[in-house]
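Just so we're on the same page: letters track the sequence lines, and every chain starts at 1.
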There are 2 protein chains.
Amino acid sequence: MEASVILKMNACRVTQHRLDVLNYFMQSKIALTQGDLEDKFKNKIDRVSLYRMLHSFSEKKILCKLVDSKGTLSYVFDKHSLDNKDHFHPHYKCKSCNDVIELPELPESYMKQLKKLNIDELNILVEGTCDECQNKNE
Amino acid sequence: MEASVILKMNACRVTQHRLDVLNYFMQSKIALTQGDLEDKFKNKIDRVSLYRMLHSFSEKKILCKLVDSKGTLSYVFDKHSLDNKDHFHPHYKCKSCNDVIELPELPESYMKQLKKLNIDELNILVEGTCDECQNKNE
DNA sequence: TTACTTATGCAACATTGTTGCGTTTATTTT
DNA sequence: AAAATAAACGCAACAATGTTGCATAAGTAA
């Protein structure tokens, strides 16, 4: 799916900056922070524009927002951004390479319990060092 | 359990500041941020000292660190700080009053799956508006 | 093309995180 | 009880990030 199509489907204006940013996310396996983008688009896109893009993209679920144990926000392209917007996946993020993988959904029985509460946000992030990085450091 | 005892058991020096902060946590039902403490102890305890206390207390599991969906860190006194340091509870935090309740542990079958990965941190925070706050606004 | 709306860049400021260092204080050792 | 040791503290300073307002530029619709 092309970046411009995704933007249009989400009622976003299609600008060069947005295409650049979204394409960058689409080809990146790892979770990116605002800082990563600032480096990548240094002297090209303003810090505040990036900040606002990240907000609107994650609000529209084009990107998935992750919060790690230090409170750092990072974002990954959400492959499910087009279809099923409501389903929920926990994520695993490698502390070393920032690679993100999707984990299986929580058991339905457990989710049922949770849904008795009024839920706006459900944040699950598992952090550790992935096998690949573990092997590198041995 | 008294605050001073908890500090001693965790190899922390017992100072007045630490007693004040820990006692404040022990009598608070809600999750507190660094900012909350800065207000509470304005002109009494330095910002950096609070920052360092929060770090060492949560490292020693005297406090439990929560990260919300905006990346804001908050802390609650961990009732289990003395016994069972390894067990893990997800938390529910009310976005309105910051009240925190413990949720049941994840099903063991699911945890088993997770433990195949190298896990350092497991962050689960459910956010929403608690019943009490919901009723207030009606 | 014009009108309308959204996105952008810039400035400015708030909040929080973080480190170093000299001083003070709690604890341990003598 | 006094001296030695190690930890905690306050202050200064700076980095990173979050946040808003506003004027300008650019995309989209009529």
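In this entry the distance linking CG of A/Asp46 with C1' of D/dT20 reads 13 Å, nearest Å. Rounded to an integer number of Å, the gap from B/Leu73 CG to D/dA16 C1' is 14 Å. Straight-line distance from the CG atom of A/Leu50 to the C1' atom of D/dA16: 15 Å, rounded to whole Å. The distance between atom NZ of B/Lys70 and atom C1' of C/dT16, rounded to the nearest whole Å, is 14 Å. In this structure, B/Asp68 atom CG and D/dG18 atom C1' are separated by 13 Å, rounded to whole Å. One atom, CG of A/Asn10, and another, C1' of C/dT6, lie 15 Å apart when rounded to the nearest Å. One atom, CZ of B/Arg13, and another, C1' of D/dC9, lie 12 Å apart when rounded to the nearest Å. In this structure, A/Met9 places its CE atom 16 Å from P of D/dT28, rounding to the nearest Å.
The 5' end of DNA chain C is approached more closely, in terms of each residue's nearest nucleotide, by B/His55 than by the other of B/His55 and B/Val14. Remark on DNA chain D: of its neighbouring residues A/Glu38 and B/Ser56, the 5'-side contact belongs to B/Ser56, judged by nearest-heavy-atom nucleotide. For the pair A/Cys12 and B/Arg52, nearest-nucleotide mapping onto DNA chain C gives the more 5' position to A/Cys12.
By the 4.0 Å N-to-carboxylate-O rule, A/Lys61 lies too far from A/Asp78 to be salt-bridged with it. A salt bridge between B/Asp68 and B/Lys93 is present, with a side-chain N of the basic residue lying under 4.0 Å from a carboxylate O of the acidic one.
The hydrophobic cluster containing A/Leu7 also contains A/Tyr75, counting ILVMFWY residues as joined when their side-chain heavy atoms lie under 4.5 angstrom apart, directly or transitively. Note: the hydrophobic cluster containing A/Met111 also contains B/Ile101 (ILVMFWY, side chain heavy atoms under 4.5 Å, direct or indirect links).
If you check D/dT19, C/dT8, C/dC10 against the side chain of A/Ser49, the one that comes closest is C/dT8. Among the nucleotides C/dA7, D/dG18, C/dT19, the one closest to the side chain of A/Thr15 is C/dA7. Checking D/dA8, C/dT18, C/dA11 against the side-chain heavy atoms of A/Val48 singles out C/dA11 as nearest. Comparing C/dT8, D/dC9, C/dT18 against the side chain of B/Arg18 picks out D/dC9 as the nearest. For B/Met53, the listed nucleotide lying nearest its side chain is D/dC9; candidates were D/dC11, D/dC9, D/dT19. Counting only heavy atoms from C-beta on, B/Arg47 has its side chain closest to C/dT16 among D/dG18, D/dA6, C/dT16. For B/Tyr51, counting side-chain heavy atoms from C-beta on, the closest listed nucleotide (C/dG9, D/dT19, C/dT18) is C/dT18.
Among A/Ile45, A/Thr15, A/Leu63, the single residue meeting the side-chain contact (heavy atoms from CB on, under 4.5 Å) criterion with A/Val21 is A/Ile45.
In this structure, A/Gln34 reaches the D/dG18 phosphate: one of its side-chain N or O atoms is under 4.0 Å from OP1 or OP2. Taking only side-chain nitrogens and oxygens, A/His17 never comes nearer than 4.0 Å to OP1 or OP2 of D/dA26.
Under the 3.5 Å distance criterion, the side-chain polar atoms of A/Asp20 are left unmatched by any main-chain donor or acceptor of A/His17.
Across all strands shown, A/Lys8 has no heavy atoms under 4.0 Å from either base or sugar-phosphate atoms.
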